[in-house]
2 protein chains.
Amino acid sequence: MGAVSHIDRSSFEPPYAQLARLLRERIASGEYRAGDRLPSEAELCGTYRVSPMTVRRAVTLLVQEEVAITEQGRGTFVKSPELGAATFDLRDLRRYLDDAGTDVRILEARIVSPSLHVCSKLAVEAGSRVIAIKRILSSDGEPVFYHSEYLVFDPMRPLVEAELGVTALQDLFSGAGGSGLKYGRLTLHASAFTEKEAAYLGEQAGTLAWVVEHLFYDFDDRPESWGRFVGRADRLTFSTTVGIPGAGEA
Amino acid sequence: MGAVSHIDRSSFEPPYAQLARLLRERIASGEYRAGDRLPSEAELCGTYRVSPMTVRRAVTLLVQEEVAITEQGRGTFVKSPELGAATFDLRDLRRYLDDAGTDVRILEARIVSPSLHVCSKLAVEAGSRVIAIKRILSSDGEPVFYHSEYLVFDPMRPLVEAELGVTALQDLFSGAGGSGLKYGRLTLHASAFTEKEAAYLGEQAGTLAWVVEHLFYDFDDRPESWGRFVGRADRLTFSTTVGIPGAGEA
DNA sequence: TAGTGGTCTAGACCACTTA
DNA sequence: AAGTGGTCTAGACCACTAG
């Protein structure tokens, strides 16, 4: 014990990041346990010879990572990793799109009269017209996901070829697509393939599946597009970590 | 058009938060669309009469919310809402625990010889002993989740009554439980009830289910506990929003 | 009252992008 | 060269907590 690591002013890693990492390491080593108070910001300023703003920034990082929690007037305390803090993202779904071996086959892309269900999702009249796009996403030749999407028909913005390939799906993920969109709501639930979906994917109806549903709105809060990804449950597992980021890796 | 809103110095809402909100509103109104450049930080300083650090803090907030993105040397740009940015949390699962009508029944809590599967998860010898706890979580009298957990047996830390009730599960979620834990890994996947699980929950085997699996490690990177929640899929839907936080809410 | 985090000021220098 | 964000300084005042 004794000598603390110092901030390396010539490093490419900025001081605030170095300090955050050093504190993370001291927590990961068990020097500070859950509930322990970390040194005060003033102390850290003195110990590591940095300004208050720099210390504050490092501490803020730890708080955002849910590694620590600050309490005004009391101090900064170490948190224990908690299940409730976990968040899952769609990176595993996205991975299929970025994969070189992935291709997208359009099953259907045309203007249709929407079903009552689609009408209610898109908040359009029963007699109106919407664009229906249905795709099969294959990875190395094997069908993996079925994607079905309905767009409010806008005669001013014709359906172009570019909106139908892999890129259109990638844009859905990376946002490059719709500059007319304000926000989206997503749901994830477990389900089973319908007859139709199963047939498209070469599976059996009733096979376990998950469904990612997405509904995007325009700047007038009107639904603009509604769609869903359906895929075999065993092809997609969501994973995440709680506690110190990067702890226990390799 | 014309007059910008000003920062209210006497408000309870601090200037950086007010500025972030004002910018969010200007984006939500469509004044700035996806891809547009926001005013430079220097401009914002002048417009709203605040210091660079305050502007910076507001912009950082928008970046963290994935509403904007900063590019050094170029400016700050509005992002469109993207599917790939979505994250799902366990608040819907957690809700059951915080609910007043929830109770936990212990089916089993004893020291057992672990199965090979549990041995591999906890990285213990086949002949060793682990603590097995199995619970049924009921909401308003109706069984909802089955929870099965295995803890590495430590003779120094006897199993106490307090670890077996609702509180133990709440602690698992809120972290109050293990100050000896460094990090945890979680997975979420769709599955179906086994015969045993189905029997406990009064369901049929094969019914669609969610499984949340959790594996926690101690400060020596040794697995400390492994467990899983299993619940009917239609009782748990994950939802989230992308784009401007709070947009489109009631 | 002393110590803590929460916020803010009014600059500075740097790295990067664009023209 | 001019403009942008990225980082940092060395303070300040405030609100809150605890002894």
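Numbers restart at 1 for each chain; the letters A, B, ... are given by sequence-line order, proteins then strands. This is a predicted model, so every value here is computed, not measured.
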When the distance from [atom1] of [X] to [atom2] of [N] is rounded to whole Å, what number comes out?
| X | N | atom1 | atom2 | result |
| --- | --- | --- | --- | --- |
| A:Tyr48 | D:dT7 | OH | C1' | 20 Å |
| A:Glu41 | D:dC16 | CD | C1' | 14 Å |
| B:Arg56 | C:dT9 | CZ | P | 15 Å |
| A:Met53 | C:dA12 | CE | C1' | 14 Å |
| B:Phe77 | C:dT18 | CZ | P | 8 Å |
| A:Arg9 | D:dG6 | CZ | P | 20 Å |
| B:Arg37 | C:dT18 | CZ | P | 12 Å |
| B:Leu44 | D:dG3 | CG | C1' | 14 Å |

Problem set entry | Whether B:Glu224 side chain and B:Tyr217 backbone form a donor-acceptor pair below 3.5 Å |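 Here the side-chain-to-backbone pair does not exist.
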Exercise. So, the side chain of A:Glu71 versus the backbone of A:Thr76: is there a donor-acceptor pair under 3.5 Å, distance only?
Worked result: no
Problem set entry | Electrostatic pair B:Glu65:B:Arg24 at N-O distance under 4.0 angstrom |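 A salt bridge links B:Glu65 with B:Arg24.
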Problem set entry | DNA chain C: 5'-proximal contact among A:Gly75 and A:Pro52 (nearest heavy atom) |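 Nearer the 5' end of the strand: A:Gly75.
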Seminar exercise, completed: Ranking C:dT9, C:dT4, C:dT7 by distance to the side chain of A:Glu43, first place goes to C:dT4
Exercise. Is the B:Phe216 to B:Tyr150 ring centre distance short of 6.0 Å?
Worked result: no
For this session: Please round to the nearest 0.5 Å and tell me the distance separating atom CG of A:Leu44 and atom CG of A:Leu38.
Result: 7.5 Å
For this session: Could you say whether B:Thr76 or A:Ala17 is positioned toward the 5' end of DNA chain D, judged by the nucleotide with the nearest heavy atom to each?
Result: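 Result of the comparison: B:Thr76.
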For this session: Look through every strand shown and name the nucleotide pairing with D:dG19 as Watson-Crick or G-U wobble, where both distances are under 3.5 Å.
Result: none
Problem set entry | Any donor-acceptor N or O pair under 3.5 Å, side chains A:Arg185, B:Thr241 |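 Yes.
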Exercise. Would you say a side-chain N or O of A:Ser51 is under 4.0 Å from OP1 or OP2 of D:dG11?
Worked result: no
Problem set entry | D:dT4 phosphate, OP1 or OP2, under 4.0 Å from B:Ser40 side-chain N/O |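 Looking at the OP1 and OP2 atoms of D:dT4, one of them is under 4.0 Å from a side-chain N or O of B:Ser40.
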For this session: Report yes if some heavy atom in the side chain of B:Leu23 is under 4.5 Å from a heavy atom in the side chain of B:Leu62; otherwise report no.
Result: yes
For this session: Pull out every residue in residues 63-74 of chain A that has a heavy atom closer than 4.0 Å to any atom of DNA chain D, ordered by number, or say none.
Result: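 Nucleic-acid contacts, sorted: A:Gln72, A:Gly73, A:Arg74.
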